[in-house]
Q: 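Quick one: the structure is below, and I'll ask about it shortly.
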Amino acid sequence: MSGLNNKQEEACSYTEGPLLILAGAGSGKTRVLTHRIAYLIEKKSVDPYNILAITFTNKAAKEMRERVDKIVKEGSENIWVSTFHSMCVRILRRFNEKMGGTNNFTIYDTDDQKAVIKESLKYLGMDEKNYPVRAMISTISKAKEEFLDPTQFERNAGSSYRDMQVANVYHEYQKRLRQNNAMDFDDLIFNTIQLFTLHPDVLKLYQERFKYIMVDEYQDTNHTQFLLVEMLAAKYRNLCVVGDDDQSIYKFRGANIENILSFEKQYPDAKVVKLEQNYRSTANILNAANGVIANNEGRKDKSLWTDNPDGERVFFTRYQNEYEEAKGVTDQMISDQMDGASLNDMAVLYRTNAQSRVLEEMLIRANIPYRLVGGTNFYSRKEIRDIVGYLKCIVNPGDDISLERIINVPRRGIGAATVEKLRIYAEDNGIDLYDAVGDSDMVPGVGRAVSKLTDFFDMIEDFKKEAEDPGVSLENLYSDILEKTGYLDELKADTSLEARSRIENLEEFRSKITDYEAGAEEPSLAGLLEDVALVADADSEDDEDCDKVTLMTLHSAKGLEFPYVYMVGMEERLFPSGMSLDSEDPDATEEERRLCYVGITRAMKQLYMSAAKQRTLNGQTQYPAVSRFVKEIPKNLIRYRGLSMDDRQGAYDDAFSDYSSGSSFSRDSRYDFSYTGYDSYGGDRYSSYKTPKPVKRNVYTGKKLEKPKIYGLSKGMPETTAINYTVGDTVTHIKFGKGKVLEMIKGGNDYEVTVDFEKAGQKKMFASLAKLRKI
DNA sequence: GAACCCATCATTTTT
DNA sequence: TGATGGGTTC
C-alpha cells in the first residue's frame, strides 16, 4: 500500500474480526481509515454497500466522505459515512412506524427541550428555582445516555425525594415529546436501540447490511452509542474502532472512556494496533505533550515519537494581565507574519469562550483579521428559529412547541390568553393544538380572535399544500413564508442595524436551502429540517480563502492542526478549570490535562504559551498561579521569555512565582513593583488597554451591535375596560385569579392598583393593562 | 406590551 | 464583567 508505515498498513489490512486502533495525535488516523475502506473494497472485494463508517461530527463525516470518494473508484457512494445521529434518523424514518410512531417526527434541539421542560415543570407545579431547566435537561440526557427510560430512572431514584421529582419531570417530558411527535438528540439513539431490541428482524437487516463497521473517535462514545455499535456488529464482528484515550475530552457530555479502555475485555480476540509515529509536530512540541500527558494515570500504554526535526522550544510568556497577553499574542503574530507565515497558519486556543473578547479587541486594534469558531450557532438566532418554527409546523402538525413559538410572530393579535384557551380545549379533547386552531370557533371564550385564528390556520394550510406540491421548490416555499406571514415586511420596516443583520441572516438561510436542494438526492422539507437539526455547524466555508487567524476553544480545536499555535490563559483555575479542581472526581483534572495534550498536539511548527499575572475572571480580579501543565513540560523543551521589556524581573523564577504564596498580596513586593513598572508604558496606550473601546460586533459573528429596536406599536391598542371596581372589591385576573383590591392610586391617566391575590399574593399593576374584572 | 431595574450566576459542545 | 431572567413601572 502506498505511503503507509508498517503499523498503518497492518491496521488497514486486518479486516476480519474486532480491531482496536490506538491512534495517537497526528498519527495519520483518517488516512488509515480511508485506506482501510479502499483495501476492503479493492483487495477483499467487499461490496461498498456493506461498509459503515461512523463519526461524531458532520465535519468529520464530510471530510471522510471526500477522502473516501477520492480514493475509492467505484461504488463509494454506497458506503454509509454518517454520524451516529444521522444514521439513527435514517433508520427511524424508515421504521418508526413499527414503534407506533410516524416517520415525520420532529427533532428537538436544546432550545426546544428547554421549552418542553418549562412546560412540564409548570404542569407539575415545580419551581424552576429548585429544579433548574438546564439541570433537568442534563439529568434526563444522562439517563438516556445510560439507556434508562423514565420508569427505570424512577426505580433507581429509590427513596431520594429529589430524584423522584426529577423522575416525574422525565415522565412528563417524554409524554410531551410523544404528543408533539418529537424526539430529542438522545432519543434518536435510544429509540433506535429500542427498535432493534423489539424488532430483531430490523436489527438483522442492518447487521446483514453493515458487515464491516468502523467507528472513529471511539473514546468519545457514550453508553448508548456503545450499545448500538455492539448490536450492529454482533453478527459479523467485523468492528474496527479508532481512538485515543489521551484525547478523551468529552466526559462532561457523556463520553465513556471505558468503552475504549475495555474494548479488549469486551472482545478478547481483538487485535490491537498502535499508531505511535507522529507526522505533525516538531520533536520538541511532541515531547512537551508527552511530558504533560505522562502525569495522567490509567492510560493505555503508548508513547508517541517522531522523525521530525526538533524545532524551536515551546515559548512561555507571563504577562501582567490579559490585555498585555493579548497584545503580546498579536505582536508575535505580526512578527511571524513578517517572517513569512500566513494568518491561516495561526490559531489562538483558550479554555473558555469568554476569553475571546479581549483577544478580539486587540486583534481589531492591530488590524489582524480573524475568524471566531463556536459562539452563537447560526440556527439559534431568533429569526432563523422563527422561520424554522413555521417549517416544523408545516411538516408536523403535532408540534405544539413550534406552533406556540410562531402563532403570534409577527404579532397578529393572538395573545397568550387565547393560546391558553386553545391549549385547554386541545387537552380536553385530546387533539393537537393545531387542530384546536382549526376549530377555533368551537373553543369557548375565544371570541374576537376567531377570525385571526382562521386566517392563520388557512395560511398554514396553504403552506402545507405548497410543501406537498412537487412543483413548488423549497426556496419558493421559503419566500412565501417570509412574505405571507409579514415577517420580512416587519423587519424591512425597521431600519436598525439589528434588523438589517436579521434580514441578512434570513438570506443566508435561503442560500442554505438552495444548497440543500441542489445537493440532496431527494430534497424534501423533512430532509431540510433534519439537516438544520443535525448539521448544527453552519460553517461558512466561503471565508476559507481569506487569510485570517483562528480563535477557538481547546475543545473545538480537536482534530485540527496549525503551524503556529497560541495557548493563552495557562493559569491555575482557568486551565485547569476551577470546577475540575474542585470536583470530587479525580478524573476531572486528568480530563483537563488531556485537553492540554490536545492543545499542544495541534501545533506543527511553533507553540506559544502564555499566562497573565492578573486576570479579571467572573468580574473579580484574580492573581492566578501558572498552570501546572506548563510546569509539567520538561524544562529543556520550554523557553521562558521575559515580561514586557521594561520589567526588570525577567527571571525564570518570576515567570512561575505565585502571588498567592504570601498571606497578603500587598506584602509581596513584586505586586507593587509590577504596577510602577506598568505605568512606564506611556499613559496613552496603557489607558487604552485598561478601558478598551467598546467594539461594535457583527451579529453574524456573535454579539449584539445595539439595543433591539421596537417594532411598530400601533397594532391593537389595548381596549380600555371601564374600571368598575374600587378598594375592597374582589376582582379576578387572567393569570393570578381571585384577589381583593387593597389600594388604588391615580397616576397620569391610569390607576395603579394593588391587589392581594389568594394564590399569588400582593401585586401592583396598572388598571388599563391588568384587565381586572369585578365579581 | 415593553422598557427598566435588580438579583443572580457563571466551563467545555456536538448532535 | 456580562448575559439572563423575573418583577416592576409606565
Side-chain angles (χ1 to χ4, degrees), chain A residues 55-61 82-89 107-110 113 118 128-129 132-134 138 141 145 183-189 217 220 222 225 249-255 322 349-355 357-358 373-377 379 408 411 415-416 530-537 552-559 569 573-583 588 591-592 594-595 598 615-621 692 703-704 707-718 745 747-752 754 760 763-770:
Chain A
T55 63
F56 264 82
T57 64
N58 293 293
K59 208 164 124 199
S82 167
T83 65
F84 273 104
H85 295 269
S86 44
M87 173 179 85
C88 289
V89 172
I107 301 165
Y108 274 0
D109 64 22
T110 321
Q113 285 181 282
K118 280 193 173 187
E128 273 185 39
K129 283 242 165 62
V133 176
R134 278 180 51 142
S138 115
S141 174
E145 277 161 4
M183 295 188 198
D184 64 23
F185 291 125
D186 298 312
D187 284 336
L188 296 175
I189 294 170
E217 305 281 14
D220 287 340
N222 64 34
Q225 289 162 338
I249 54 172
Y250 284 114
K251 190 176 183 191
F252 70 90
R253 69 175 200 216
E322 62 263 50
L349 310 182
Y350 37 80
R351 178 68 244 263
T352 68
N353 277 311
Q355 288 169 261
R357 213 196 82 238
V358 176
V373 177
T376 344
N377 184 325
Y379 292 114
N408 201 29
R411 234 159 283 139
E530 205 171 293
D531 264 25
V532 168
L534 295 180
V535 187
D537 62 328
M552 63 186 150
T553 61
L554 287 151
H555 281 91
S556 329
K558 189 160 147 212
R573 309 217 118 248
L574 180 59
F575 187 35
S577 72
M579 275 208 179
S580 72
L581 294 177
D582 298 337
S583 164
E591 177 140 320
E592 297 282 307
R594 291 193 287 270
L595 189 55
V598 167
R615 178 181 299 273
T616 311
L617 196 66
N618 294 343
Q620 275 180 315
T621 306
K703 289 145 206 183
K704 49 173 99 152
K707 285 191 175 178
K709 276 234 176 146
I710 320 151
Y711 301 141
L713 318 144
S714 53
K715 275 183 211 165
M717 294 291 284
I745 305 163
N749 40 7
D750 204 349
Y751 280 94
E752 189 190 277
T754 310
K763 300 272 171 196
K764 279 183 186 171
M765 55 196 66
F766 281 83
S768 64
L769 294 165

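So that the names make sense, note that chain A is the first sequence line, chain B the second, and so on, each numbered from 1. These numbers were taken from a predicted model, which means no experiment stands behind them.
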Q: Could you check if a side-chain atom of A:Asp582 sits within less than 4.5 angstrom of a side-chain atom of A:Arg573, using non-hydrogen atoms only?
A: yes
Q: Enumerate all atom pairs, one protein N or O and one N or O from nucleotides 6-8 of chain C, separated by less than 3.5 Å.
A:
none

Q: Would you say a side-chain N or O of A:Arg351 is under 4.0 Å from OP1 or OP2 of B:dT13?
A: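 No.
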Q: Can you tell me how far P of B:dT13 sits from CZ of A:Arg134, to the nearest Å?
A: 12 Å
Q: If you only use heavy atoms from C-beta on, which nucleotide in C:dG2, B:dT12, B:dT15 is closest to the side chain of A:Arg357?
A: C:dG2
Q: When the P atoms of B:dT13 and C:dT4 are compared, how many Å lie between them, rounded to an integer?
A: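 Rounded to whole Å, the distance is 16 Å.
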Q: Which listed nucleotide (C:dT1, B:dT13, B:dG1) is nearest to the side chain of A:Thr616?
A: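 That would be C:dT1.
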Q: At less than 4.0 Å, is any side-chain N or O atom of A:Ser556 found next to OP1 or OP2 of B:dT13? Yes or no.
A: yes
Q: Hey, are the side chains of A:Asp109 and A:Phe185 touching, using non-hydrogen atoms and a 4.5 Å cut-off?
A: yes
Q: Would you mind reading off the distance between A:Glu145 atom CD and B:dT15 atom P, rounded to a whole angstrom?
A: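 Going from CD in A:Glu145 over to P in B:dT15 covers 15 Å.
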Q: Between A:Leu554 and A:Gly415, which has a closest nucleotide on DNA chain B that is more 5'?
A: A:Gly415
Q: Which heavy-atom pair separates A:Glu322 from A:Arg615 by the least distance, and what is that distance?
A: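 It is OE1-CA, 3.2 Å.
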Q: How close or far is atom C1' of B:dT14 from atom CZ of A:Phe185, stated in whole angstroms?
A: 8 Å
Q: Check every atom of B:dT12, B:dT13, B:dT15 against the side chain of A:Thr352 and return the nucleotide holding the closest atom.
A: B:dT12
Q: Give the rounded distance in Å between these two atoms: CZ of A:Arg615 and P of C:dT1.
A: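 To the nearest whole Å, that distance equals 16 Å.
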Q: If the cut-off is 4.0 Å, is A:Arg253 near the phosphate of B:dT15, judged by side-chain N/O to OP1 or OP2?
A: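 A:Arg253 to B:dT15 OP1/OP2: no side-chain N or O under 4.0 Å.
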Q: Could you tell me the separation between the NE2 atom of A:His85 and the C1' atom of B:dT15, rounded to a whole number of Å?
A: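 So the two atoms are 4 Å apart, to the nearest Å.
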Q: Which nucleotide in the set B:dT11, B:dT15, B:dT12 lies at the smallest distance from any side-chain heavy atom of A:Asn353?
A: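 Within the option list, the nearest is B:dT12.
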Q: With sequence neighbours excluded, what pairs up with A:Tyr250 under the ring-ring contact (aromatic ring centres under 6.0 Å, His included) test?
A: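 Only A:Phe252, A:His555 meet the ring-ring contact (aromatic ring centres under 6.0 Å, His included) criterion with A:Tyr250.
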Q: For A:Ser556, which residues count as a side chain to side chain donor-acceptor pair (under 3.5 Å) partner, sequence neighbours excluded?
A: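 Result, side chain to side chain donor-acceptor pair (under 3.5 Å) vs A:Ser556: A:Thr553.
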Q: Any side-chain N or O of A:Thr553 under 4.0 Å from OP1/OP2 of B:dT13?
A: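 The answer is yes; a side-chain N or O of A:Thr553 sits under 4.0 Å from OP1 or OP2.
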Q: Could you check whether any side-chain N or O of A:Glu592 sits under 3.5 Å from a backbone N or O of A:Ser577, counting only pairs where one atom can act as donor and the other as acceptor?
A: yes
Q: Is there ring stacking between A:Phe252 and B:dT12, where the centres must be under 5.5 angstrom apart and the planes under 30 degrees?
A: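 By the stated criterion, A:Phe252 and B:dT12 stack.
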Q: Distances under 3.5 Å only, N/O to N/O: pair up the protein atoms with those of nucleotides 5-10 of chain B.
A:
unit_1	atom_1	unit_2	atom_2	d
B:dA10	N6	A:Asn618	O	3.2

Q: With sequence neighbours excluded, tell me which residues meet salt bridge (charged side-chain N to carboxylate O under 4.0 Å, His left out) with A:Glu145.
A: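 For A:Glu145 there are no salt bridge (charged side-chain N to carboxylate O under 4.0 Å, His left out) partners, ignoring immediate neighbours.
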Q: Salt bridge between A:Lys251 and A:Asp220, side-chain N to carboxylate O under 4.0 Å?
A: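 The answer is no: the pair does not qualify as a salt bridge.
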Q: Distance check needed: B:dT14 P versus A:Ile189 CD1, whole Å only.
A: 15 Å
Q: Could you go step by step and tell me if A:Ser86 and A:Thr83 meet the side chain to side chain donor-acceptor pair (under 3.5 Å) rule?
A: CA-CA 5 Å; A:Ser86 44; A:Thr83 65; 2.7 Å; yes
Q: Rounded to whole Å, please give me the gap between CG in A:Leu188 and P in B:dT14.
A: 17 Å
Q: Who passes ring-ring contact (aromatic ring centres under 6.0 Å, His included) against A:Tyr350, sequence neighbours left out?
A: none
Q: A:Lys558 NZ to B:dT14 P: how many Å, rounded?
A: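 After rounding, the reported distance stands at 11 Å.
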